[in-house]
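What follows is a short report on a single structure.
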Amino acid sequence: APQPEWDPMAFLIEECHKRCMEFHAWINPYRAATGANNQLSYLHPYHRHPTWFLKYNNQLLYNPGLEECREYICLVVGDIVRRYDIDAIHMDDYFYPYPVAGVPFPDAETFRRHPRGFSDINEWRRDNVNKLIEEIKATIDAHKPHVRFGISPFGIYRNQKNWSKGSRTNGLQNYDELFADVLLWDKMGWVDYIMPQLYWEMGHKAADYTELAYWWQKHLTKAHYYIGQSVERTMKVNELHPKLVIAHDTSHGVAMWPADEIFKDFKGIVRQLRDVYWSHPALTPSYESISLGAHRPEPVQSVWIEKEEDGRYLKWRTPLYEGGAETKYYVVYAYDRSRRDTNGASPEDIVAITQHPFYKLPVLNGKTKVSYFVTQVNRYNAESPMSKRVKAVI
């Protein structure tokens, strides 16, 4: 533990929320250690329950076939959701481990002892993962229904040669090799967003980005669909523009991987995103399907301009909400009335996203006529209608 002791996740959540960003707690479903011989903390459950674990390809893994392991993983998820103000649990793509040719996964004995009526070990394995996904979703909902559950699976569900509705690809498959039935999770409403890892190039012989982007759009029916993008591969072959165009046409948005390539501005990706593609702020799409009666927030009722010693402020008051419907942040829209005069506004008009019930007006030339609107967004990312318009000269 760090000395002096502090909580890095609590720190990250606080800093994210200060910036009106979401914090999604990233976990691996079964992987307990990346090296089977890694030194483990004396508190690690392996020391108390060594029979819960299997070793495969030099990894230490929770045994997916044991009910005790599912219960423990759900306890961990419940602890995170209960004690931390997270926005989502995010599960990575490591379900049953990526197979090694000629090396069977060592769960035959578990299957023999706990078949649960299955005669096919592969169907049994898929059911093991299905049970975990369903139980994690139920665990989250029991604590904080506004917390979402997202998964970033491997990019191929099934190849067409194995399933007539599969993608025209020729690679590792979620369903057949990782025993991850992603489409079932979507159909059953066990996940709130799916973020397939479409890290390949356009035209890739085994896994074409374009083919997969449209395939997932066609087959996901309930969950939000975000595309996982590989920064390095995309920028090396100069495919940022066409990939983002396809993502715009097919999905709710994108996630860039890995983060360190963004920090390093690999081949100028940050400059391009900031100056060309993402020059305006965007709000996270609302998850109205999980709001459980938390309706769209009411409009901000009281909006006015107030002069203070350091300048003029747009201020507002809002009603109080609870249970996930509480206000997460406010959005301030502004447009120049000399260019247009309307009671509506668009994302290009966003000038601030803030947790504070005020916005300091800028000072331009003292002649520009501006109209301001304010909305509020709740924990389900549902945005209220526009407030009344407030006019100002700045």
* To do: Starting from the C-alpha separation in whole Å, work towards a yes-or-no answer on side chain to side chain donor-acceptor pair (under 3.5 Å) for Tyr84 and Asp7.
  => CA-CA 11 Å; Tyr84 293 90; Asp7 189 331; 2.5 Å; yes
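Looking at residues two or more places apart in sequence or on another chain, you find no ring pair (Phe, Tyr, Trp, His ring centres under 6.0 Å) involving Tyr333. With sequence neighbours excluded, the residues forming a ring pair (Phe, Tyr, Trp, His ring centres under 6.0 Å) with Tyr193 are His24, His90, Tyr226, listed by chain and number. Looking at residues two or more places apart in sequence or on another chain, you find no side chain to side chain contact (heavy atoms under 4.5 Å, CB included) involving Gln3. Qualifying side chain to side chain donor-acceptor pair (under 3.5 Å) partners for Thr284, counting only residues two or more places apart in sequence or in other chains: none. By the ring pair (Phe, Tyr, Trp, His ring centres under 6.0 Å) test, Tyr94 is found to be paired with Tyr98, residues two or more places apart in sequence or in another chain being considered. Glu239 pairs by the salt bridge (Lys or Arg N to Asp or Glu O under 4.0 Å) definition with Lys243, not counting sequence neighbours.
Among pairs with a residue in residues 356-365, those fulfilling side-chain hydrogen bond (donor to acceptor under 3.5 Å, both in side chains) read Asn365-Thr368, at least two apart in sequence or across chains. Listed by first then second residue, pairs satisfying salt bridge (charged side-chain N to carboxylate O under 4.0 Å, His left out) with a partner in residues 171-189 read Arg158-Asp176, not counting sequence neighbours. Listed by first and then second residue, the salt bridge (charged side-chain N to carboxylate O under 4.0 Å, His left out) pairs involving residues 370-387 are Asp85-Arg379, Asp87-Arg379 (not counting sequence neighbours). For residues 19-37, the pairs satisfying salt bridge (charged side-chain N to carboxylate O under 4.0 Å, His left out) are Glu15-Arg19, Glu22-Arg148, Glu22-Lys328, with sequence neighbours left out. Pairs of residues two or more places apart, or lying in two chains, that qualify as side-chain hydrogen bond (donor to acceptor under 3.5 Å, both in side chains) and include a residue from residues 245-270 are Asp265-Arg271. For the ring-ring contact (aromatic ring centres under 6.0 Å, His included) condition, the pairs that include at least one residue of residues 260-283, sequence neighbours left out, are His241-Tyr277.
Considering only heavy atoms from C-beta on, Ile353 stays 4.5 Å or farther from Tyr330 through its side chain. Inter-residue side-chain proximity for Leu314 and Val303 is flagged as met; some heavy-atom pair is nearer than 4.5 Å. You'll find the side chain of Ile121 reaches within 4.5 Å of the side chain of Arg125, heavy atoms only. Looking only at side-chain heavy atoms (C-beta outward), Asp92 and Ser152 come within less than 4.5 Å of each other. Using a 4.5 Å heavy-atom threshold, the side chains of Pro285 and His224 count as touching. Residues Thr169 and Trp215 are not in side-chain contact: their nearest non-hydrogen atoms beyond the backbone lie 4.5 Å or more apart. Considering only heavy atoms from C-beta on, Ile394 comes within 4.5 Å of Arg312 through its side chain. Counting heavy atoms from C-beta on, the side chains of Phe358 and Val374 never come closer than 4.5 Å.
With rounding to the nearest 0.5 angstrom, the NZ atom of Lys369 is 13.0 Å from the OH atom of Tyr335. Considering CD of Gln376 and OG1 of Thr327, their distance stands at 4.0 Å, rounded to 0.5 Å. Taking CE of Met21 as the start and CD1 of Ile13 as the end, the distance is 12.5 Å to the nearest 0.5 Å. A distance of 12.5 Å separates CD1 of Ile140 from CD of Glu135, quoted to the nearest 0.5 Å.
Note on Leu54: it clusters hydrophobically with Val100, by side-chain heavy-atom contacts below 4.5 Å among ILVMFWY residues. Met235 and Tyr199 fall into different hydrophobic clusters, defined by Ile, Leu, Val, Met, Phe, Trp and Tyr side-chain heavy atoms under 4.5 Å apart, directly or through other members. Hydrophobic clustering, with ILVMFWY side chains joined whenever heavy atoms are under 4.5 angstrom apart, keeps Met386 apart from Ile305. Hydrophobic cluster membership differs between Phe373 and Leu361, with clusters built from Ile, Leu, Val, Met, Phe, Trp and Tyr side chains linked at under 4.5 angstrom. Cluster membership for Val377 and Trp316, using ILVMFWY side-chain heavy atoms within less than 4.5 angstrom, is not shared.
In summary, Lys131 and Glu134 do not engage in a salt bridge, as defined by a charged side-chain N under 4.0 Å from a carboxylate O. Using a 4.0 Å cut-off between a side-chain N of Lys or Arg and a carboxylate O of Asp or Glu, Glu232 and Lys236 qualify as a salt bridge.
Taking the six-membered ring for Trp, Tyr209 and His204 have ring centres at least 6.0 Å apart. Tyr287 and Tyr380 have their aromatic ring centers separated by at least 6.0 angstrom. Less than 6.0 angstrom separates the ring centroid of Phe95 from the ring centroid of Trp185. Side-chain rings of Phe149 and Trp190 stay apart, their centers remaining 6.0 Å or farther from each other. Aromatic rings from Trp216 and Phe154 are positioned such that their centres are separated by 6.0 Å or more.
In this structure, the side chain of His143 does not engage the main chain of Asp79 through any donor-acceptor pair within 3.5 Å. For the pair Asn378 (side chain) and Ala382 (backbone), a donor-acceptor distance under 3.5 Å is present. Remark: side-chain polar atoms of Tyr56 are paired, donor with acceptor, to backbone N or O of Val103 under 3.5 angstrom.
Remark: the Ser167 side chain and the Glu211 side chain contain no N/O donor-acceptor pair separated by less than 3.5 Å. Side chains of Tyr175 and Asn162: a donor-acceptor N/O pair is absent below 3.5 angstrom, by distance only. Residues Asn159 and Arg168 bring no donor and acceptor atom of their side chains to less than 3.5 Å of each other. A donor-acceptor pair shorter than 3.5 Å can be found between the side chains of Ser346 and Glu348.
Between Gly155 and Pro196, the shortest heavy-atom distance links the atoms CA-CB, 4.4 Å. Met9 and Ile80 get closest at one heavy-atom pair: CE-CG2, 3.9 Å.
Using bins of under 30°, 30° to 60° and over 60° for the plane-to-plane angle, the ring pair Tyr62/His44 lands in the parallel bin.
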